[in-house]
Peer 1: 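Shown below is the structure under consideration.
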Amino acid sequence: MKTKIMFLLLAVSFCSTLLAQNEHLKFMGIPLNISVDAFQKQLEIKGMSRVPDIDLTKDMPIRQFKGNFSGMPCVISLVYNVKNKIVYKAIVLYASEIEDMNQKFYEDIKNRLMLKYSQQNMKEDTDNGFPCCYFLVYDSSGAKLIGDIELIKMSVISNGTQVGILYEDVANSLQNEKSTIDDL
């Protein structure tokens, strides 16, 4: 009986280790570990629509979408690895001509991220005089860093501000970097 219990404990431990190694940061409930085409389909199911490539992005591994993020109209950019087409970064941009709306969106998102990812994993700072927050995201065991989220208010050309939220999966970002370095 003790042998069966020990075997069961060992099996559960092994399975949870495998699960932890396969965890990836999620954006809108979608893991940042699938192909850009599969990610696009998931975003379209959630009501996002693809923005045609513009001169700035047509030769870059970026796809852009318009739709609602956390109840507000935003532009979402997916950044993916050129070779394997796996998405490793998602960027949300929200801009309103009304500065109070930008500030409210920033504060609302910051509070929601603190609820979801814990204030202990947050660092507040400034970037060029604008507020920003960084969140470290760990796997379900709390032992392995799987991603980070950056929330920042920034200036735009028209003297206003916009809010940016950057979700980056650690493992796939490192894989993309390795792939880029291998080309050198």
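Just so you know, residue 1 is the first one in the sequence shown, and it goes up from there.
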Peer 1: Is there a continuous path of hydrophobic side-chain contacts, each under 4.5 Å between heavy atoms, that joins Leu78 to Ile34?
Peer 2: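 Same cluster: Leu78 reaches Ile34 through Ile, Leu, Val, Met, Phe, Trp or Tyr contacts under 4.5 Å.
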Peer 1: How many angstroms lie between atom SG of Cys132 and atom CG of Leu166, to the nearest 0.5 angstrom?
Peer 2: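 It comes to 12.0 Å.
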Peer 1: Take Arg112 and Leu151 through the test side-chain contact (heavy atoms from CB on, under 4.5 Å) and record every step on the way to the result.
Peer 2: CA-CA 11 Å; Arg112 290 179 189 156; Leu151 171 65; over 6 Å; no
Peer 1: Please name the pair of heavy atoms, one in Cys74 and one in Tyr94, separated by the smallest distance, quoted to 0.1 Å.
Peer 2: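 In terms of heavy atoms, the two residues are closest at SG-CB, 3.7 Å.
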Peer 1: I need the minimum non-hydrogen distance between Tyr167 and Ile165, along with the two atoms involved.
Peer 2: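 That closest heavy-atom pairing would be CE1-CG2, 3.3 Å.
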Peer 1: Between Lys144 and Glu23 (salt bridge meaning N to carboxylate O under 4.0 Å), is one present in this structure?
Peer 2: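 No, Lys144 and Glu23 are not salt-bridged.
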Peer 1: So how far is it from Ile146 CD1 to Ser141 OG, rounded to the nearest 0.5 Å?
Peer 2: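 The OG atom of Ser141 is 9.5 Å from CD1 of Ile146, to the nearest 0.5 Å.
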Peer 1: Any chance you could lay out the side-chain contact (heavy atoms from CB on, under 4.5 Å) test for Asn172 and His24, step after step, and finish with the verdict?
Peer 2: CA-CA 9 Å; Asn172 289 325; His24 290 273; 3.5 Å; yes
Peer 1: Looking only at non-hydrogen atoms, find the nearest pair between Glu124 and Cys133 and report the distance.
Peer 2: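 Taking every non-hydrogen atom into account, CG-SG, 3.7 Å.
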Peer 1: Short question: side chain of Thr180, backbone of Asn176 - any donor-acceptor pair under 3.5 Å?
Peer 2: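 Yes, Thr180 side chain to Asn176 backbone: donor-acceptor pair under 3.5 Å.
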Peer 1: Using side-chain heavy atoms (C-beta onward) and a distance below 4.5 Å, is Tyr134 in contact with Asp125?
Peer 2: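 Yes; the side chains approach each other to less than 4.5 Å.
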Peer 1: Listed by chain and number, what are the side-chain hydrogen bond (donor to acceptor under 3.5 Å, both in side chains) partners of Asp182, not counting sequence neighbours?
Peer 2: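 Once residues adjacent in sequence are excluded, the partners of Asp182 under the side-chain hydrogen bond (donor to acceptor under 3.5 Å, both in side chains) criterion are Lys178.
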Peer 1: Roughly how far, to the nearest 0.5 Å, is the CG atom of Asp169 from the CD atom of Gln175?
Peer 2: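 Result: 11.0 Å between the selected atoms.
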Peer 1: Could you work out, with side-chain hydrogen bond (donor to acceptor under 3.5 Å, both in side chains) as the rule, every residue matching Glu99, not counting sequence neighbours?
Peer 2: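 Glu99 satisfies side-chain hydrogen bond (donor to acceptor under 3.5 Å, both in side chains) with Lys153, Thr161 only.
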Peer 1: Check for me, please, whether Leu174 and Leu145 land in the same ILVMFWY cluster - side-chain distances under 4.5 Å, paths through other members count.
Peer 2: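 Same hydrophobic cluster.
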Peer 1: Is it true that a side-chain atom of Asn102 and a backbone atom of Ser96 form a donor plus acceptor pair closer than 3.5 Å?
Peer 2: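 Looks like yes, one N/O pair under 3.5 Å.
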Peer 1: Counting distance only, does the side-chain N/O of Asn81 pair as donor-acceptor with the main-chain N or O of Ile86 below 3.5 Å?
Peer 2: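 Answer holds: no.
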Peer 1: Tell me whether the count of non-hydrogen atoms from other residues, nucleotides or ligands lying under 6.0 Å of NZ in Lys104 goes above 12.
Peer 2: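 12 or below, so no.
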Peer 1: With the 4.5 Å side-chain cut-off for hydrophobic clustering, are Leu25 and Leu136 part of the same group?
Peer 2: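 Shared cluster, no.
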Peer 1: Decide whether Met28 and Phe105 are clustered together by the hydrophobic rule: side chain heavy atoms of Ile, Leu, Val, Met, Phe, Trp, Tyr closer than 4.5 Å, transitively.
Peer 2: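 Yes, it is one cluster - the side chains of Met28 and Phe105 are joined through contacts under 4.5 Å.
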Peer 1: Might you point out which heavy atoms bring Ser173 and Glu168 nearest each other, and give the distance in Å?
Peer 2: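 Closest heavy-atom pair between Ser173 and Glu168: OG-OE2, 2.5 Å.
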Peer 1: Step by step, would you call Phe39 with Ile30 a side-chain contact (heavy atoms from CB on, under 4.5 Å)?
Peer 2: CA-CA 7 Å; Phe39 213 110; Ile30 309 165; 3.6 Å; yes
Peer 1: What I'd like to find out is whether the side chain of Leu32 reaches to under 4.5 Å of the side chain of Tyr88, using heavy atoms alone.
Peer 2: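 Answer no - side chains too far apart.
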Peer 1: Specify whether Phe27 and Phe69 have parallel, tilted or perpendicular ring planes, treating 30° as the upper limit for parallel and 60° as the lower limit for perpendicular.
Peer 2: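 Geometry flag for Phe69 against Phe27: parallel rings.
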Peer 1: As an exercise, state the distance from CD1 of Ile91 to CD of Gln64, rounded to the nearest 0.5 Å.
Peer 2: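 Rounded to the nearest 0.5 Å, the CD1-CD separation comes out at 9.0 Å.
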Peer 1: Could you please spell out the steps behind the side-chain contact (heavy atoms from CB on, under 4.5 Å) verdict for Ile109 and Val163?
Peer 2: CA-CA 10 Å; Ile109 295 297; Val163 177; 5.8 Å; no
Peer 1: Nearest 0.5 angstrom please: Asn68 CG to Lys46 NZ, how far?
Peer 2: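 Here the rounded value is 12.5 Å.
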Peer 1: Would a 4.5 Å heavy-atom cut-off, applied to side chains only, mark Tyr80 and Ser35 as touching?
Peer 2: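 Side chain of Tyr80 against side chain of Ser35, heavy atoms only: no contact under 4.5 Å found.
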Peer 1: Rounded at 0.5 Å granularity, tell me how far CE in Met122 sits from NZ in Lys110.
Peer 2: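 It is 5.5 Å, given to the nearest 0.5 Å.
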Peer 1: In this structure, would Met72 and Ile98 fall into the same cluster of hydrophobic residues linked by side-chain contacts under 4.5 Å?
Peer 2: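 Result: yes, single cluster for both.
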Peer 1: How far apart are the closest heavy atoms of Gln40 and Phe65, and which atoms are they?
Peer 2: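 The answer is CG-CE2, 3.5 Å.
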Peer 1: Considering residues, nucleotides and ligands other than Lys83, do more than 12 of their heavy atoms fall under 6.0 Å from its NZ?
Peer 2: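 Counting other residues, nucleotides and ligands, NZ of Lys83 exceeds 12 neighbours.
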Peer 1: Could you work out, with side-chain hydrogen bond (donor to acceptor under 3.5 Å, both in side chains) as the rule, every residue matching Glu107, not counting sequence neighbours?
Peer 2: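 Applying side-chain hydrogen bond (donor to acceptor under 3.5 Å, both in side chains) to Glu107 gives Gln103.
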